[in-house]
Amino acid sequence: YQRRVHGRSERRKSRLPLPFDMRRALPRLSIQAVRAVGKGGPEVLRLERIAQPDLGKAEVLIKVAYAALNRADILQRQGRYPPPPGVSSTLGLEASGTVEDVGSEVTQFKPGDRVMALVPGGAQAQYCVADFRCCLPVPSGLSLAAAAAVPEAFLTAYQALFHEGKHQPGHAVLIHSGASGVGTAAVQLAKENGASAVFVTASSSKLQKLLDLGASAAIPRDAVTDQSLFSKAVLEHTQGSGVSVIVDPVFGSRYLKEDTECLAQDGRIIVLAMMGGHVLDGVSCAQAMRRRATIKFSTLRDQPIAYKAHLVEAFENFALSRFSSGELRPIVDRIFKWGDVAEAHRVLESNQTFGKIVLEINSQS
């Protein structure tokens with residue numbers, strides 16, 4: 001536009017707002033984030049300054065209040081589970097907080113909304129970006145600290161039980177590592193879906209808490225009876241019929257053998273991790289054949305956005321009202337200041353937790 005200055009015309013640039021696509025050309029803000037400096041133990045973790053992530057058209061920028069810890073963070077720190085190509089190397093797969101900004105294609109959320117988000121990386125930072133289809137509104141009555149413990153744990157459990165395990169009401173399930181974040185979520189989800197019985201394995205000190213959470217029977221994994229870790233107990237409880245779905249983050253030769261022994265006909269074993277080993281020694285597949293078993297190896301982090309969007313939508317329809325009513329609840333073992341992230345990793349690796357460990361990042365959120 002033009003204006004008159006001392007009798008002459010002066011052309012000035014318009015001060016209209018910059019188009020969304022030009023934001024990338026602006027200087028990027030600096031934020032703090034949890035990073036691993038090299039590979040190794042918890043001592044390699046640092047709070048470092050990085051550039052604030054760019055906001056995509058279909059993304060929301062979240063001011064992170066809390067972010068939860070997962071076994072994947074330990075594996076990434078150790079160099080055994082790198083982020084997918086193009087994903088931030090900042091740790092963290094789930095976060096809660098408030099929406100700071102939204103991309104041009106986002107209409108479902110607005111600045112100020114409380115959200116919990118599933119991300120492939122980058123959650124343990126002052127700000128993170130998430131595809132809007134992987135975000136959920138925080139249910140009424142749920143704190144942001146509790147909400148951070150929902151996305152990765154509950155969506156992994158939901159995927160294992162329903163999308164891959166095909167669990168149906170009236171069918172029994174077995175959940176290994178029942179005291180983990182995924183385990184405590186799976187117990188509740190199976191119960192809410194009308195499971196005839198929910199069996200769990202865990203260390204002896206955690207069994208009563210799992211029974212209080214809704215498990216039908218809790219089997220100590222640290223007490224071997226007649227050379228059976230769990231299969232004999234499951235078969236006794238089910239009068240020999242076994243369970244239709246097994247959620248197994250342990251795997252290994254011993255667990256797979258017993259999984260197939262206590263699996264119902266046409267049952268499904270969903271393998272989430274291989275803490276018991278990835279090499280199978282001396283395992284016969286004859287029992288799996290007789291059971292017509294399906295063994296499915298499951299991951300979530302590297303799934304395409306379209307898959308995650310479908311999963312999140314299904315989970316939202318099933319679960320969100322149940323969080324508001326208290327029928328479902330995230331189990332938080334303890335909350336650490338994020339400056340103590342190394343100690344949080346040590347505690348998680350000690351296997352003494354029940355439920356999730358959460359990091360407090362922006363406490364004012």
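No hydrogens, no waters, no symmetry mates; every other heavy atom, side chains included, goes into these values.
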No-hydrogen, no-angle side-chain donor-acceptor test under 3.5 Å, Arg114 and Ser96: no
Which residue pairs pass the side-chain hydrogen bond (donor to acceptor under 3.5 Å, both in side chains) test when at least one of the two sits in residues 266-285, sequence neighbours left out? Asp266-Arg292
Parallel under 30°, tilted from 30 to 60°, perpendicular over 60°: which one fits the rings of His310 and His163? tilted
Is it the case that Tyr307 and Gln159 place a side-chain donor and acceptor less than 3.5 Å from each other? yes
Short side-chain to backbone donor-acceptor contact, Arg346 and Pro42, under 3.5 Å: no
May I ask you to decide if Gly355's main-chain N or O and Asp333's side chain share a donor-acceptor pair within less than 3.5 Å? no
Ring geometry between His176 and Tyr255 (parallel below 30°, tilted from 30 to 60°, perpendicular above 60°): perpendicular
May I ask you to check whether Ser228 and Ser231 show a side-chain donor-acceptor distance below 3.5 Å? yes
So which of Ile270, Ile269, Val271 actually passes side chain to side chain contact (heavy atoms under 4.5 Å, CB included) with Ile246? Ile269
Would you say the rings of Phe132 and Phe109 are close, in the sense that their centroids are separated by under 6.0 Å? no
Is there a donor-acceptor pair under 3.5 Å between the side chain of Gln32 and the backbone N or O of Ala125? no
Check for a donor-acceptor pair, side chain of Ser177 on one end and backbone N or O of Ser180 on the other, with a separation under 3.5 Å. no
Just verifying a value: how many Å separate Gln124 CD and Glu94 CD, rounded to the nearest 0.5 Å? 9.0 Å
Checking Ser196 side chain against Gly170 main chain: does a donor-acceptor pair fall under 3.5 Å? yes
Suppose we screen for ring-ring contact (aromatic ring centres under 6.0 Å, His included). Which residues come up paired with Phe297, at least two apart in sequence or across chains? Phe251
Would you call the rings of Phe162 and His167 parallel, tilted or perpendicular if under 30° counts as parallel and over 60° as perpendicular? tilted
Centroid separation Phe154 to Phe323 less than 6.0 Å: yes
Which pairs count as salt bridge (charged side-chain N to carboxylate O under 4.0 Å, His left out) when at least one residue sits in residues 298-327, sequence neighbours excluded? Glu192-Arg322
Between Val198 and Ala190, which heavy-atom pair has the shortest distance, and what is it? CG2-CB, 3.9 Å
